[in-house]
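One structure is given here, and the rest of the page talks about it.
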Amino acid sequence: MGALERLNVFEYLDPNTKFWREEGWQFAPMQMIFDMKQDSCRKARFVVGGHAIDSSKHTTYLSTIKDVSVRLLMLAAVKNGLNITTADIGNAFCTAPCTEKIWSIAGDEFSEKKGLVIVLRRALYGLKTASALFNKFLGDFLQEMGYFPSHADQDLWLEKLDQNK
């Protein structure tokens, strides 16, 4: 829960706050899920009950890089003696702003904030739109850094080279 707090995933409101469906607000249950990964590492994840949300007015589609793109890049890197670097973005979905109007009631996981109304400000696991929201957020960030999607594979990002160097 500490990581979610640092990422400002929730806005806390008075328990008497009212939301209206006519304005697009939807209630969603939220809960903590516990799991064990293949390496026996324990994982806890706070999720939203996406099954209770009508996401039909929002984009849920997410494409992923094509296998052939990855294979060709690996081949080119090995052939040219280039380094290959990978990364993992922790709590990835929670970095993307949520475009849906979702609220809930803070449960036991929120300790002293239990009972407050919470508004979802960032995407959470379980939300049908979370993948698409993160993809757009990451794409916007990469473009700000000077990258652009390739014509052959929109999920393969290339760096604009300075021709003057």
Side-chain angles (χ1 to χ4, degrees), residues 1-15 17-39 41-67 69-70 85-150 153-159:
M1 292 301 289
L4 300 181
E5 291 292 335
R6 285 189 298 280
L7 291 168
N8 297 314
V9 172
F10 308 106
E11 178 181 347
Y12 299 97
L13 302 173
D14 182 87
T17 304
K18 301 287 185 229
F19 297 97
W20 307 106
R21 202 170 224 342
E22 299 82 33
E23 295 174 359
W25 287 98
Q26 299 181 73
F27 175 84
M30 296 183 191
Q31 64 183 344
M32 188 67 74
I33 303 275
F34 298 94
D35 195 11
M36 187 173 291
K37 293 183 164 189
Q38 289 180 335
D39 63 358
C41 180
R42 292 184 180 96
K43 177 77 177 175
R45 182 173 287 144
F46 193 69
V47 300
V48 64
H51 66 286
I53 301 294
D54 176 12
S55 298
S56 61
K57 294 184 173 104
H58 298 273
T59 301
T60 58
Y61 173 76
L62 170 69
S63 60
T64 58
I65 192 166
K66 297 176 183 129
D67 290 346
S69 297
V70 173
T85 305
T86 62
D88 181 24
I89 300 172
N91 294 311
F93 288 173
C94 303
T95 61
C98 182
T99 56
E100 297 176 84
K101 295 180 174 182
I102 300 171
W103 69 280
S104 193
I105 305 293
D108 293 334
E109 305 87 356
F110 292 88
S111 28
E112 74 277 351
K113 295 177 182 171
K114 179 181 177 179
L116 293 178
V117 169
I118 53 176
V119 173
L120 195 58
R121 292 294 175 217
R122 302 262 175 204
L124 264 185
Y125 294 96
L127 196 58
K128 294 174 189 173
T129 57
S131 296
L133 290 169
F134 175 71
N135 191 40
K136 181 181 179 343
F137 180 72
L138 180 61
D140 292 346
F141 183 73
L142 289 171
Q143 285 181 331
E144 285 177 24
M145 291 177 54
Y147 290 83
F148 64 97
S150 75
D153 187 337
Q154 68 182 11
D155 294 306
L156 171 61
W157 290 80
L158 306 170
E159 185 178 11

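None of the values given here were measured: they were computed from a predicted structure. What you see below is based on every heavy atom in this structure, not just the backbone, and it leaves out hydrogens, waters and symmetry mates.
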Self-check item: Contact summary for N91 and A3, nearest pair of heavy atoms
Solution: ND2-CB, 3.4 Å
Quiz item: Just wondering, do L120 and W103 contact through their side chains at under 4.5 Å, heavy atoms?
Solution: no
Quiz item: Side chains of I89 and L138: does their closest heavy-atom pair fall under 4.5 Å?
Solution: yes
Quiz prompt | Taking every non-hydrogen atom, the tightest pair across A106 and I118 | solution = CB-CG2, 4.0 Å
Practice problem: Please report the closest heavy-atom contact between F27 and I53, naming both atoms and the distance. | Solution: O-CD1, 3.9 Å
Quiz prompt | Aromatic ring pairing F93/F134, orientation class (parallel under 30°, perpendicular over 60°, tilted between) | solution = tilted
Exercise. Quick one: pull up CD in E100 and OG1 in T129 and give me the separation to the nearest 0.5 Å.
Key: 3.5 Å
Exercise. Could you tell me how the ring of F110 sits relative to the ring of Y12: parallel (under 30°), tilted (30 to 60°) or perpendicular (over 60°)?
Key: perpendicular
Exercise. Please report the shortest heavy-atom distance between R122 and L7, naming the atom on each side.
Key: NE-O, 3.4 Å
Practice problem: Kindly give the heavy-atom pair with the smallest separation between K101 and E23, and that separation in Å. | Solution: NZ-O, 2.8 Å
Quiz item: Which heavy-atom pair separates P15 from G115 by the least distance, and what is that distance?
Solution: CB-O, 3.6 Å
Quiz item: CG of D155 to OG of S63: how many Å apart, nearest 0.5 Å?
Solution: 3.5 Å
Exercise. State whether the number of non-hydrogen atoms from other residues, nucleotides or ligands found under 6.0 Å of Q143 atom CD is greater than 12.
Key: yes
Quiz item: Does Y147 have its ring centroid less than 6.0 Å away from the ring centroid of W157?
Solution: no
